[in-house]
Amino acid sequence: MDFLKTLNPQQREAVTTTEGPVLVLAGAGSGKTRVITYRIAYLIESCGVRPGNILAVTFTNKAAAEMKERIEKLIPPERYASSPLISTFHSFCVRLLRRNLHLLGGNYTNDFTIYDTDDQAKIVKSCLKDLHIDEKMLPPRNAQFAISGAKNHGQDWESFLKSNDPKKATIGRVFKLYEERLAANNALDFDDLLLKSVRILRKFPEVQEYYNNWFRYILIDEYQDTNPPQYALIRLLTQKQQNLCVVGDPDQSIYRFRAADIKNILDFENHYPGAKLIKLTENYRSTKTILSAANTVIKNNKERKEKDLFTANSEGEKIHYYQAGSGEAEADFIVNEILRWRRSHLGAEAQAAVLYRTNAQSRVLEEACRRVGLKYVLVGGFSFYQRAEIKDVIAYLKLVLNHTDAVAFERVINTPPRGIGKTTLDALFENSRREGLTCWENLGRMIEENRVQARAANALRAFKSLIEALTEQAEHLSQADLLKAVIKQSGYAKWLEDERSEDAEARLLNLEELVSAAAEAELRGETIRDFIDHAALVADTDALREDAQVTLMTIHAAKGLEFPLVFVAGMEEGLFPHQRSVASAVEMEEERRLFYVALTRAKKQLFITHAEWRRQYGDEVYNEPSRFLAELPLERLENRSRGDSWLARKNDDTRKRFIAVSGGNPEAGRAAAPKPAMTVYNSVDNVRDFFKMQQARKAAAAPASGSNYGYRQPEPEPKRSPAGTSGGFKAGDRVRHDKYGTGLILKREGDKLVINFPGYGVKKFVEAAAKLEKI
DNA sequence: CTGATAGCGGTTTTT
DNA sequence: CCGCTATCAG
């Protein structure tokens with residue numbers, strides 16, 4: 001085994017300790033993926049394990065695909081009759097359930113359908129509606145989240161119903177109905193895939209025995225991100241033998257919000273007594289500077305196993321720090337630095353990534369890239385195939401190929417609008433459910449039996465013949481031509497053309513792009529089915545990544561990746577750490593781990609930036625610099641900001657303190673006169689102050705009306721003020737709202753009143769007079 | 001049935 | 001700012 005020679009002693013031990021439970025605590029950039037792939041190759045080539053007896057579990061499908069590729073390079077698959085199963089927990093469970101779900105009885109068969117998050121949301125909403133629960137009392141999102149969380153923590157709806165907390169009890173009712181609906185539809189949500197698998201393995205020893213004999217060597221990657229059902233599954237699969245190897249890094253556990261339990265990795269040695277612990281602490285990725293910053297930051301976490309990474313790599317450049325005025329200025333700085341970097345680095349060395357906490361931050365960055373003509377890839381945002389117009393047209397294709405596809409049917413029956421409204425559709429779906437017919441069958445039935453109004457019947461008939469005509473054309477048209485036919489004959493093109501908006505034009509262009517994609521697919525010899533399947537596999541940004549000059553993504557999406565040049569943007573209180581995490585110590589530690597993940601993505605050069613203010617939800621929000629900045633080793637930072645900045649002051653303070661201690665003159669060491677203090681507005685009260693200040697400034701610029709000199713600022717008067725509008729209210733007025741209580745009018749934007757209600761935040765009202773009274 | 005608009009709320013993410 | 005929903009007039 002030549003490849004063992006390329007490993008360090010710890011890595012080699014992790015690869016060759018094949019019997020019994022093994023815990024590999026692998027630091028960032030320590031060659032974790034390499035260890036896993038080599039271990040699989042070692043088991044097959046040196047230990048004579050049949051590849052089919054190996055199961056490797058990864059966190060994402062992409063990671064699984066990459067691992068497969070790497071293994072095939074190490075061991076030629078043609079030499080073996082079987083290959084190791086490399087999959088995510090979920091796809092493994094789908095395989096298991098496609099063989100065994102019928103064992104659970106009831107309505108379940110092995111042909112179950114899988115509900116994604118959108119389907120799930122639809123069901124939850126319909127449950128809330130049918131239980132007459134006001135969406136304001138229990139937002140569907142919250143209910144969905146609570147149900148999923150409960151399922152992942154092993155709670156059932158009964159425990160919720162018994163709760164004394166009325167809110168929990170309400171969730172229990174929704175939970176119960178939700179579960180009944182899924183069962184009635186022979187459908188499983190993502191959580192069920194795991195839970196039902198666990199239940200089957202528990203309930204049917206012969207099934208468990210079967211899988212225990214099948215998978216004799218099990219490897220789990222990113223073990224710190226496993227949740228309770230996944231742990232239960234692993235336990236059940238390793239009942240008979242314990243050749244289990246888990247690999248992970250507790251410092252990179254960032255999925256608590258979806259029930260990942262860091263205790264799984266921290267307590268592994270208790271769960272599997274006699275487990276061998278191997279630590280990989282040499283980092284091969286980053287410079288000493290970057291690694292030291294990451295180490296310094298993560299040390300602030302209390303709940304962690306001590307683990308200091310080291311590297312033989314060079315010291316590298318200092319970490320560059322930049323404080324921008326606005327979010328836009330921050331983005332401009334970043335793109336300019338990327339352009340500069342690209343002047344001296346080529347190919348893989350030129351790869352850059354901009355990381356941020358929330359997806360909302362991507363927009364300014366995208367705009368900045370477009371301004372300077374930088375090609376970028378946005379990971380995690382809406383991909384091309386997720387756009388409504390693309391999904392609509394694809395749904396037409398699906399329906400043409402398969403008339404029983406109910407989801408596609410529902411999507412296109414009134415898109416573009418063709419006079420088939422809610423009443424008609426409700427009747428149609430209700431009828432289908434009652435008589436056990438597909439929507440398509442029922443469509444014909446309803447027309448024949450005159451069950452609907454004449455106008456609706458005509459619309460239904462038109463839709464039916466449209467689909468039938470397209471079905472016929474599908475026989476002889478090329479893929480691209482069929483797609484064109486769909487776009488034209490469905491009226492989709494006309495619908496968009498008539499809209500005459502910029503947005504509609506962009507949508508038409510997207511559809512054109514889809515047609516050329518179909519033509520290309522056909523040239524590659526793919527069928528229309530392949531084309532549709534491909535559209536369903538959303539995250540295929542890999543092809544784009546090759547020629548992309550920058551990758552924009554959230555830090556979550558960046559886990560497992562590395563780039564020579566990395567920017568961590570938006571280092572501001574409220575953003576990162578996120579507002580929702582500041583109240584809890586546990587969540588703050590998770591935010592810090594997230595920062596740690598961000599820092600350790602960088603190989604050569606790291607930039608850390610923040611802005612004094614940025615537009616959030618349309619308002620100018622002033623944020624304080626992130627507390628995490630202060631946790632960085634300041635001596636490793638180079639200040640790139642012009643003028644006043646958080647870092648400049650920090651350094652200034654340090655110098656003053658030093659001079660004070662040594663008895664010198666504090667002013668002597670100052671390079672420049674201090675800049676006027678930056679005012680930080682980040683709380684409700686400060687917003688009010690900020691507004692007062694703005695008002696004062698405005699008043700100074702525009703003399704009071706009636707004066708004869710100077711000029712007046714053209715007031716943005718509303719063009720028309722319909723009766724009952726916000727007229728009569730002005731900034732500074734105190735008002736009462738029937739729901740939010742008393743508030744202060746901050747400003748007026750045309751017809752809109754912007755009001756701050758203490759405890760509820762800033763609200764906007766257009767047709768406000770009805771609900772507001774002056775006090 | 002459709003389109004306009006007032007009101008409102010808004011993490012992170014994969015399967 | 002953006003997207004969703006309830007509501008209402010046409």
Side-chain angles (χ1 to χ4, degrees), chain A residues 57-64 87-94 114-117 120-121 125 129 134-136 139-142 145 148 152 188-194 222 225 227 229-230 254-260 327 355-361 363-364 379-382 388 414 416-425 453 455-456 459 499 503 538-539 553-559 574-582 587 590-591 593-594 597 614-621 722 724-726 737 739-740 749 751-753 760-771:
Chain A
V57 181
T58 58
F59 193 66
T60 64
N61 282 320
K62 215 184 102 215
S87 83
T88 62
F89 274 107
H90 292 269
S91 37
F92 171 78
C93 288
V94 171
I114 302 168
Y115 278 172
D116 67 16
T117 326
Q120 205 181 2
K125 267 185 202 163
K129 204 174 168 188
D134 188 357
E135 291 200 355
K136 293 197 177 70
R141 261 185 83 89
N142 290 8
F145 189 77
S148 175
N152 281 320
L188 302 181
D189 64 21
F190 287 134
D191 304 321
D192 282 335
L193 296 176
L194 294 160
E222 308 283 12
D225 288 319
N227 65 19
Q230 289 166 341
I254 53 176
Y255 283 101
R256 206 182 83 91
F257 70 91
R258 61 184 213 228
L355 310 182
Y356 38 83
R357 178 64 232 268
T358 66
N359 274 318
Q361 288 163 262
R363 255 192 47 187
V364 265
V379 178
F382 277 107
N414 201 33
R418 46 173 70 90
I420 303 169
K422 203 176 167 308
T423 327
T424 316
L425 284 182
Q453 302 259 318
R455 197 155 45 139
E499 207 177 299
D503 180 59
V538 277
M553 59 190 150
T554 63
I555 302 164
H556 282 92
K559 200 171 74 159
L575 245 195
F576 194 18
H578 195 274
Q579 195 61 53
R580 296 283 282 251
S581 306
V582 291
E587 293 200 26
E590 176 132 328
E591 293 283 312
R593 289 194 292 271
L594 199 52
V597 169
R614 66 177 67 241
R615 210 167 280 286
Q616 275 173 304
Y617 303 141
D619 289 326
E620 289 171 11
V621 177
T725 324
S726 36
H737 183 271
K739 181 175 166 195
Y740 303 115
E749 291 174 353
D751 285 352
K752 290 184 190 172
L753 285 178
Y760 290 95
V762 177
K763 304 277 171 206
K764 281 185 192 174
F765 293 90
V766 181
E767 199 55 47
K771 288 197 169 180

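Letters A, B, ... are given to chains in the order of the sequence lines, protein chains preceding strands, and every chain is numbered from 1.
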Set of residues satisfying side chain to side chain donor-acceptor pair (under 3.5 Å) with respect to A:Asp192, sequence neighbours excluded | A:Lys151
Listed by chain and number, what are the side chain to side chain donor-acceptor pair (under 3.5 Å) partners of A:Asn152, not counting sequence neighbours?
-> A:Asp191
Does A:Thr88 make a side-chain N or O approach to OP1 or OP2 of B:dT14 shorter than 4.0 Å?
-> no
Using a heavy-atom cut-off of under 4.0 Å over every strand shown, decide if A:Thr424 touches base, sugar-phosphate, or nothing.
-> sugar-phosphate
Side-chain N,O (A:Ser581) to OP1/OP2 (B:dT11) below 4.0 Å | no
Starting from P on B:dT12, measure out to CZ on A:Arg580 and report it in whole angstrom.
-> 10 Å
Is there side-chain contact between A:Phe257 and A:Glu587, with heavy atoms separated by less than 4.5 Å?
-> no
Hey, which sits more toward the 5' end of DNA chain B by its nearest nucleotide, A:Phe59 or A:Ala360?
-> A:Ala360
NZ of A:Lys62 versus C1' of B:dT14: gap in Å, rounded?
-> 12 Å
For A:Ala360, all residues meeting side-chain contact (heavy atoms from CB on, under 4.5 Å), sequence neighbours excluded = A:Thr358
Any A:Asn414 side-chain nitrogen or oxygen under 4.0 Å from OP1 or OP2 of B:dT2 | yes
Between A:Phe89 (CZ) and B:dT15 (C1'), how many Å, whole number?
-> 12 Å
Which residue lies more 5' along DNA chain B, comparing A:Arg258 with A:His578 via nearest heavy atoms | A:His578
For B:dT11, does the glycosidic angle fall within 90° of 0 (syn) or outside that (anti)?
-> syn
Go through the structure and list residues passing side chain to side chain donor-acceptor pair (under 3.5 Å) with A:Arg593, not counting sequence neighbours.
-> A:Glu590
Is there a side-chain contact between A:Phe59 and A:Asp225 (heavy atoms, below 4.5 Å)?
-> yes
Tell me: CG of A:Leu194 to C1' of B:dT15, nearest whole Å?
-> 8 Å
Rounded distance (Å) that lies between atom C1' of B:dT11 and atom NE2 of A:His556 | 9 Å
Measure from the side-chain heavy atoms of A:Arg615 and tell me the nearest of B:dT11, C:dC1, B:dT15.
-> C:dC1
Base, sugar-phosphate, or nothing for A:Arg256, non-hydrogen atoms under 4.0 angstrom?
-> nothing
A:Gln579 has an atom CD; how far is it from atom C1' of B:dG9, in whole Å?
-> 16 Å
For nucleotides 2-8 of chain C, tabulate all protein N/O to nucleotide N/O atom pairs closer than 3.5 Å, reporting atom names and distance.
unit_1, atom_1, unit_2, atom_2, d
C:dC2, OP1, A:Arg363, NH1, 3.0
C:dT5, OP1, A:Lys125, NZ, 2.6

CD of A:Gln120 versus P of B:dT14: gap in Å, rounded?
-> 15 Å
Nearest to the side chain of A:Pro417, which nucleotide is it out of B:dG3, B:dT15, B:dT12?
-> B:dG3
Can you check whether A:Asn359 has a side-chain N or O nearer than 4.0 Å to OP1 or OP2 of B:dT13?
-> yes
Looking at A:Ser91, does any N or O in its side chain come under 4.0 Å of the phosphate oxygens OP1/OP2 on B:dT15?
-> no
The side chain of A:Thr60 lies closest to which of these nucleotides: B:dT11, B:dT2, B:dT14?
-> B:dT14
Side chain to side chain donor-acceptor pair (under 3.5 Å) partners of A:Gln230, counting only residues at least two apart = none
Ring-base stacking, A:Phe257 with B:dT11 (5.5 Å, 30° cut-offs) | no
A:Glu591 and its salt bridge (Lys or Arg N to Asp or Glu O under 4.0 Å) partner, picked from A:Arg580, A:Arg357, A:Arg256 = A:Arg357
For A:Glu591 and B:dT13, what is the distance between atoms CD and C1' respectively, to the nearest whole Å?
-> 14 Å
